[in-house]
Number of protein chains: 2
Amino acid sequence: MHSAPHSTKERILSSAEELFARHGFDGASLRQLTAAAGVNLAAVNYHFGSKDRLIEEVFRRRLDELNGRRMAALNRIAGQEETTLEDVLAAFIKPALDLSHDGNGSLFMRVLARAFAEHDDTLRKFLSDNYGHVMRQFTAEFARLLPHLSKEELYWRVDLVTGALTHAMSGFGMIQRKSDVTEHTHREQAAAHLIRFAAAGLSHP
Amino acid sequence: MHSAPHSTKERILSSAEELFARHGFDGASLRQLTAAAGVNLAAVNYHFGSKDRLIEEVFRRRLDELNGRRMAALNRIAGQEETTLEDVLAAFIKPALDLSHDGNGSLFMRVLARAFAEHDDTLRKFLSDNYGHVMRQFTAEFARLLPHLSKEELYWRVDLVTGALTHAMSGFGMIQRKSDVTEHTHREQAAAHLIRFAAAGLSHP
DNA sequence: ACAGGAGTCAAACGATCGTTTGAGCATACG
DNA sequence: CGTATGCTCAAACGATCGTTTGACTCCTGT
């Protein structure tokens, strides 16, 4: 089922993720990509069929993991009386922070931010078809916790929160932390900032 | 000084703005661009020198206008005792909304969102060198109105607000309005949403 | 009237792109 | 042993890219 961790497919996916994040989907060529991965140029078309399908696989690999953890965290708290808005936001944000722990996982957030900016219909449809249910479920829980908001008002605020979080998380590699705090506590602080900001933006009267 | 409104230079700039917004800086070729503008392919290199310099001119033309209006609106209210956080945010957001009134001015916000996602050092330096003072002046006014925030805390929140606004304004062309509200009032409502959201995110305890 | 700059044009330049091809290699299976 | 099968490889394909060239037109200033 899964490929070996250092197989040709996985090496391509890792290099693709990094180069797509740094130079964009058009900007990163298959020749740069395969050279960085140490594989032959034709390997991309052999294993993935085309560059577009490779791009989709880059998303699928990370989003399956990311959204799986998000749903697990949400299901652990959804519908309960003592659940707070901050809890739900943490269920959404923490998995993304965990992702940026390992290797170039943080670069994937840049890839995701690019996808939003692209406004490419094919890519947006792919993301909506495969992972739209996650956003829908989170929105439903927001609606339960914010009953004073109209549906239209809520959609507006969720959209703005999404924009802020995508923007912020795509820059995680860049934010300089003071030398006296560890990488771990820095991320904890970042998450705390994000959660409090988003909670304020969602719930203001 | 300024070119005639329908000169070759202006026709190129308008088509460039639209195609850069729709297909990205790499995705839009000079051949598509000059064909849409109804001018010869070589005209771009003749009038602008290169594609990169054309890109810079697309930014310069709109940002000079946009930031000029922002600074004018800010200077009208900065430092006064009765000025509220919402006033400052309106000084930042309203000019962007006005821009999207005329022609394809709204597409420029998409171009700007792309530039943020690109993380291109050359482009970021260009934007920072030419228009960084605007963000600095707005941040200074935020600092005056939010004295309870540390400098680090304020930078965090301003960054998140910037992300939310860029994301939201880049999608203005897409947001569907109900058929019973005019385009004008729809924009007013959008601005009101943005301002209240940003104010809540900036000023929460 | 005429020299000269500004602008436009078709054509070509070299480079790079995604994709395809067919031969070569290895391992697994009859 | 023989032969499929999965995979890798160098090489080439046609297309498209940004840029340059040189001839041609038009207008302006002396």
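Basis for what follows: all heavy atoms, side chains included, without hydrogens, waters or symmetry-related copies. Protein chains get the first letters and strands the later ones, always in sequence-line order, with residue 1 at the start of each.
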**Message:** I want to confirm an ordering. Mapping B:Gly49 and A:Ala42 to their closest nucleotides on DNA chain D, which one lands closer to the 5' end?
**Reply:** A:Ala42
**Between P of D:dG18 and CG of B:Leu19, the distance in whole Å** = 12 Å
**Request:** Tell me, please, whether A:Phe92 has A:Arg70 positioned over its six-membered ring: NZ or CZ under 6.0 Å from the ring centre and within 45 degrees of its axis?
**Result:** yes
**Prompt:** Should the pair A:Arg62-A:Glu65 be classified as a salt bridge under the 4.0 Å nitrogen-to-oxygen rule?
**Reply:** no
**B:Leu30 CG to D:dT19 C1', straight-line distance once rounded to whole Å** = 9 Å
**Asked** Hey, does A:Ala43 reach any base, or is it just sugar-phosphate, or nothing, if we go heavy atoms under 4.0 Å?
**Response** nothing
**Asked** Which listed nucleotide (C:dT19, D:dA10, D:dC17) is nearest to the side chain of A:Asn45?
**Response** C:dT19
**Asked** Please give, in whole Å, the distance from D:dA15 C1' to A:Asp26 CG?
**Response** 15 Å
**Request:** Verify the distance criterion only: is there a donor paired with an acceptor across the side chains of B:Asp87 and B:Thr84 at less than 3.5 Å?
**Result:** yes
**Prompt:** Going by distance alone, is a donor N or O of one side chain under 3.5 Å from an acceptor N or O of the other, for A:Glu153 and B:His193?
**Reply:** yes
**Message:** Strictly below 4.0 Å, N to O, side chains only: are A:Arg22 and A:Glu18 in salt-bridge contact?
**Reply:** yes
**Prompt:** Can you tell which of C:dG18, C:dT8, D:dG18 lies closest to the side chain of A:Lys51?
**Reply:** C:dG18
**Prompt:** What's the CZ-C1' distance between B:Arg31 and C:dA12, to the nearest Å?
**Reply:** 10 Å
**Length of the line joining B:Tyr46:OH and D:dC24:C1', which is rounded to integer Å** = 14 Å
**Prompt:** Quick one: B:Leu41 CG to D:dG18 C1', roughly how many Å, whole number?
**Reply:** 8 Å
**Asked** Does OP1 or OP2 of D:dT8 have a side-chain N or O of A:Thr8 closer than 4.0 Å?
**Response** yes
**Request:** Would you indicate, yes or no, if D:dT16 has its OP1 or OP2 atom less than 4.0 angstrom from a side-chain nitrogen or oxygen of B:Ser29?
**Result:** no
**Asked** Taking atom P of C:dG18 as reference, at what distance in whole Å does atom CD1 of A:Ile12 sit?
**Response** 13 Å
**Prompt:** Any side-chain N or O of A:His47 under 4.0 Å from OP1/OP2 of D:dG6?
**Reply:** no
**Message:** Using the side-chain heavy atoms of B:Gln32, tell me which of these nucleotides is nearest: C:dC17, D:dC17, C:dG7.
**Reply:** D:dC17
**Request:** Measure the distance from CZ on B:Phe48 to C1' on C:dG7 and round it to the nearest whole Å.
**Result:** 14 Å
